[in-house]
Amino acid sequence: MKAILGSLLAAASAVSAAVPSLDAPACSVGKGTVQYNKSVPNQTDFPLTQVDVCYDDTSIHLTFTAFDETNYYFNESQTTNDPIWQYEVMEGFIYHGTNDPKTYLEFEVSPNNVTFQAWIYNPSKVRAASAPLDTSYLTTPLVDGMTAETTLCKEQKTWTSSAIIPLGLFNVDIGEAKGTAWRMNFFRTVVSPESYPDQFLGAWNPTNESNFHMTPFFGNVNFV
């Protein structure tokens with residue numbers, strides 16, 4: 001209990017009253033865009049990363065773009081829901097609501113278009129060492145309507161993944177996304193064959209530990 005309380009207090013002291021915010025329109029109108037270039041947890045320079053967000057009647061659309069990429073490092077043997085986060089990925093943690101969540105969707109995609117998608121139960125909200133962190137995998141993402149399409153452009157040192165995530169996963173009915181409020185954070189891992197397993201981490205709203213699972217740091221996203 002003391003360890004959990006200590007982690008919660010540390011997170012609370014580190015998070016300002018105003019986490020970053022984004023207004024995301026319907027895809028027919030445009031996209032909301034965030035860019036980040038700060039590392040986790042030290043907030044040093046990090047390769048520029050961009051996430052475009054919009055929605056339609058049935059889905060959230062996320063377009064992840066990694067700039068200044070030199071490694072494109074992934075494990076060819078990995079498939080859906082394998083630990084692709086050990087290599088290079090871009091990630092979105094997503095919650096429908098405005099509070100600091102205990103349960104949220106974790107979505108990841110690698111440069112070879114392998115995806116990880118699971119519900120995370122994180123009752124301490126900060127992945128405290130003495131608290132549970134449970135994972136419930138979405139084992140049939142294509143059947144569920146969750147897709148990703150990834151393009152590598154080595155000449156420009158970029159890779160881009162366009163993902164579709166069904167609103168129904170969050171109990172948002174068809175055509176009812178406008179006006180909903182969300183908490184999200186976005187992440188990227190950078191690793192090379194030489195540095196593996198050590199990783200360079202970046203985030204839209206950097207956490208104060210090398211730990212992405214800290215929901216008080218999730219930004220506010222409004223579907224307008």
The side-chain contact (heavy atoms from CB on, under 4.5 Å) partners of Gln78 (sequence neighbours excluded) come to Asn75, Asp82, Pro83, Ile84, Gln86, Tyr87
Considering residues at least two apart in sequence or located in another chain, which fulfil the side-chain contact (heavy atoms from CB on, under 4.5 Å) criterion with Asn211? Arg127, Glu209, His213, Met214
Inter-residue atom distance Asp68.CG - Thr70.OG1, 0.5 Å rounding: 8.5 Å
Between CZ on residue Phe217 and NZ on residue Lys125, distance to nearest 0.5 Å: 13.5 Å
So, using side-chain contact (heavy atoms from CB on, under 4.5 Å) as the criterion, who are the partners of Gln199 when residues are at least two apart? Thr189, Val191, Leu201
Ala177 to Asp56 - nearest heavy-atom pair and separation: CB-O, 4.4 Å
Please give me the minimum heavy-atom distance between Pro25 and Val53, naming the atom from each residue. CD-O, 4.1 Å
Contact check, side chains of Thr33 and Gln50, non-hydrogen atoms, under 4.5 Å: yes
From Tyr73 OH over to Asn112 CG, what is the distance, rounded to the nearest 0.5 angstrom? 12.0 Å
If you apply the rule side-chain contact (heavy atoms from CB on, under 4.5 Å), what do you find for Leu105 with Leu138, and how did you get there? CA-CA 10 Å; Leu105 182 74; Leu138 291 167; 3.7 Å; yes
Does a side-chain heavy-atom distance below 4.5 Å link Met146 with Phe107? yes
Sidechain-backbone polar pair: Thr49 side chain, Pro47 backbone, donor-acceptor under 3.5 Å: yes
Checking Ile60 against Trp182 for the side-chain contact (heavy atoms from CB on, under 4.5 Å) test, could you report, in this order, the C-alpha distance in whole Å, the side-chain angles of both residues, the deciding distance, and whether it holds? CA-CA 11 Å; Ile60 301 169; Trp182 303 74; 3.9 Å; yes
At what distance, to the nearest 0.5 angstrom, does CZ of Phe67 lie from OG1 of Thr160? 7.0 Å
With heavy-atom distances below 4.5 Å as the criterion, would you say the side chains of Asn220 and Arg183 are in contact? yes
Tell me if the aromatic rings of Tyr95 and Phe170 count as close, with their centers under 6.0 Å from one another. no
Beyond-backbone contact of Phe186 with Met90, side-chain heavy atoms, under 4.5 angstrom: no
Is any side-chain heavy atom of Val19 closer than 4.5 Å to one of Phe218? no
Lys157: which residues meet the salt bridge (Lys or Arg N to Asp or Glu O under 4.0 Å) condition with it, sequence neighbours left out? none
With Thr140, which residues qualify under side-chain contact (heavy atoms from CB on, under 4.5 Å), at least two apart? Val143, Asp144
Heavy-atom closest pair, residues Thr44 and Ser39: OG1-OG, 2.7 Å
Rounded to the nearest 0.5 Å, how far apart are CG of Leu22 and CE of Met184? 8.0 Å
Where do Pro111 and Phe74 come nearest, in terms of heavy atoms and distance? CB-CD2, 3.9 Å
Suppose the criterion is ring-ring contact (aromatic ring centres under 6.0 Å, His included): which pairs have a residue in residues 27-52, not counting sequence neighbours? Phe46-Phe200
Donor-acceptor under 3.5 Å (Asp134 side chain, Tyr121 main chain): no
Checking the side chain of Asn81 only, and the main-chain atoms of Gln117 only, is there a donor and an acceptor separated by less than 3.5 Å? yes
Test item: Leu167 and Thr58 side chains (from C-beta on) under 4.5 Å apart, heavy atoms: no
Verify, without hydrogens or angle tests, whether Gln43 (side chain) and Lys38 (backbone) share a donor-acceptor contact under 3.5 angstrom. no
Say whether, by atom type as modelled, one donor and one acceptor occur between the side chain of Arg188 and the main chain of Thr65 under 3.5 angstrom. no
So Tyr104 and Phe93, would you call those rings parallel, tilted or perpendicular, with 30° and 60° as cut-offs? parallel
How far apart are the closest heavy atoms of Ser210 and Pro41, and which atoms are they? OG-CD, 3.4 Å
Under 4.5 Å between any side-chain heavy atoms of Asp45 and Asn37, yes or no? no
Do Glu69 and Trp159 pass the side-chain hydrogen bond (donor to acceptor under 3.5 Å, both in side chains) test, and can you show the C-alpha distance, the side-chain angles, and the key distance before you say yes or no? CA-CA 7 Å; Glu69 180 62 65; Trp159 62 283; 3.1 Å; yes
Main-chain N/O of Ala148 paired to Asn113 side chain as donor or acceptor, under 3.5 Å: yes
Do His96 and Asn171 pass the side-chain hydrogen bond (donor to acceptor under 3.5 Å, both in side chains) test, and can you show the C-alpha distance, the side-chain angles, and the key distance before you say yes or no? CA-CA 9 Å; His96 178 207; Asn171 294 309; over 6 Å; no
If you compare all heavy atoms of Val40 against all heavy atoms of Gly202, which two are closest, and at what distance to 0.1 Å? CG2-C, 3.9 Å
Keeping Ser59 on the side-chain end and Ile164 on the backbone end, is there a donor-acceptor pair under 3.5 Å? no
For the atom pair CD (Gln35) and CG (Asp52), what is the distance rounded to the nearest 0.5 Å? 8.5 Å
